[in-house]
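When a ligand or atom number is given, it counts from 1 through the structure's own listing order.
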Amino acid sequence: AAGTASVAFNARKITTARGPEPRQDRSARTKAVILDVASELFATRGFRHTSVKDIAEAVEMTKGAVYFHYPTKEALAVAVVEGHYAYWPRLLEEVQRRELPPLETALAMLDGAALAFRDNVVVRGGARLQIERPHIDAELPTPYVDWTELLRSLLSDAYGKGQLASDVDPGAAARSLVSAFFGVQHVSDVLHGRADITDRWAETRDLFLRALRP
Ligand SMILES: CCC[C@@H]1OCC(CO)=C1C(=O)O
């Protein structure tokens, strides 16, 4: 159950997160700096209005030096979106160390996601790029599916433990939570740059709890 979901998340971690370089050398650090700056520019200006020249100037490198690490602007967008998704398996490991019941684990994951959408530049950049995916000529990860599977798995466990009302369908609840969270973070971003995301998410989470619990 939860194992399969966290496997889904962890599979992304294996395929996307950059494991520790055999030597933490300059190029790894340079790559990370370029990724953070590209994330910030993509998050604030969007893909189309960000050029590799803008990114190179922001990191005080030549365009050639940036292209050495990322051959195209699209490759940078893919790296930012993959970095966005690589965040969640790390958050899941941290949350699972608290050994909470499954319903509380699901909600703690979304509480942590709200903070990451506010504070983590790669998460913010990846979220904007996913909105703009029709304009990005690259294979980007399919959005929402991993979160939906993780929450479905956790909510199925919660159902089995009597944490949910008997007429709640864990799959429907998972899909609804993903859509609600997506909307909450998007409205908060458009109206307030996500400054109020934790309050807005808490309101939505508390309404869901009234609907989910026995
Ligand atoms: C947790 C809600 C889903 C989440 O919200 C923004 C976004 C970016 O596409 C998501 C995703 O792809 O999983």
Side-chain angles (χ1 to χ4, degrees), residues 2 4-13 15-17 35 38-40 42-44 46-47 74 76-96 102-136 138-155 158 170-209 212:
T4 51
S6 58
V7 165
F9 259 168
N10 290 333
R12 270 209 198 280
K13 184 173 91 174
T15 55
T16 56
L35 196 76
S39 296
E40 181 61 28
F42 287 147
T44 49
F47 182 76
E74 286 72 14
L76 256 171
V78 170
V80 170
V81 174
E82 290 185 345
H84 169 107
Y85 287 112
Y87 190 94
W88 310 129
R90 299 197 297 269
L91 176 63
L92 182 59
E93 280 175 16
E94 177 203 311
V95 167
Q96 285 178 326
L103 175 58
E104 287 72 16
T105 295
L107 296 172
M109 278 297 291
L110 290 166
D111 292 350
L115 293 173
F117 273 89
R118 184 189 69 194
D119 301 338
N120 183 282
V121 70
V122 176
V123 169
R124 286 175 35 237
R128 171 102 184 230
L129 292 173
Q130 281 289 43
I131 296 273
E132 299 185 349
R133 52 196 283 121
H135 311 293
I136 302 171
E139 273 299 304
L140 294 177
T142 305
Y144 320 125
V145 293
D146 284 357
W147 266 107
T148 305
E149 175 48 28
L150 173 72
L151 295 175
R152 187 206 58 73
S153 174
L154 288 166
L155 293 175
R175 289 186 293 274
S176 303
L177 274 166
V178 166
S179 298
F181 183 93
F182 173 84
V184 164
Q185 66 80 28
H186 184 70
V187 170
S188 175
D189 182 32
V190 170
L191 295 182
H192 306 290
R194 293 198 184 94
D196 66 343
I197 188 174
T198 52
D199 291 339
R200 298 291 74 75
W201 166 241
E203 286 169 353
T204 303
R205 183 196 61 215
D206 293 350
L207 281 169
F208 264 90
L209 276 174
L212 291 173

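Of the possible donor and acceptor atoms, none in the side chain of Glu74 sits under 3.5 Å from a partner among the backbone N and O of Ala138. Panel note: side chain Arg133, backbone Pro141; a donor-acceptor pair is recorded below 3.5 Å. The closest donor-acceptor contact from the side chain of Thr148 to the backbone of Tyr144 lies under 3.5 Å. Side-chain N or O atoms of Arg128 include one that pairs as donor or acceptor with a backbone N or O of Ala43 at under 3.5 Å.
Selection from Phe181, Tyr85, Phe117 by nearest heavy atom to atom 12 (O) of ligand 1 gives Tyr85.
In this structure, the protein non-hydrogen atom closest to atom 13 (O) of ligand 1 is Trp147 CD1, 3.1 Å. Counting only heavy atoms of the protein, atom 7 (C) of ligand 1 lies nearest to Tyr144 CE2, 4.0 Å.
Using cut-offs of 30° and 60° on the angle between ring planes, the pair Phe181 and Trp201 is perpendicular.
Residue contacts with ligand 1: Trp88 is excluded, as none of its non-hydrogen atoms falls under 4.0 Å.
Classification of Arg90 and Glu93 as a salt-bridged pair fails, no side-chain N sitting under 4.0 Å from a carboxylate O.
Taking CD1 of Ile131 as the start and CZ of Phe182 as the end, the distance is 3.5 Å to the nearest 0.5 Å.
Close approach of ligand 1 to Gln130 is summarised as follows: ligand atoms under 4.0 Å from at least one heavy atom of the residue are 9 (O). Listed by number with element, the atoms of ligand 1 under 4.0 angstrom from any heavy atom of Val178 are 2 (C), 3 (C). Listed by number with element, the atoms of ligand 1 under 4.0 angstrom from any heavy atom of Pro143 are 9 (O), 12 (O). Which parts of ligand 1 touch Phe182 is read off a 4.0 Å heavy-atom cut-off, strictly below it: atoms 5 (O), 6 (C).
For Gln185, no nitrogen or oxygen atom sits less than 3.5 Å from a nitrogen or oxygen atom of ligand 1, counting backbone and side chain alike.
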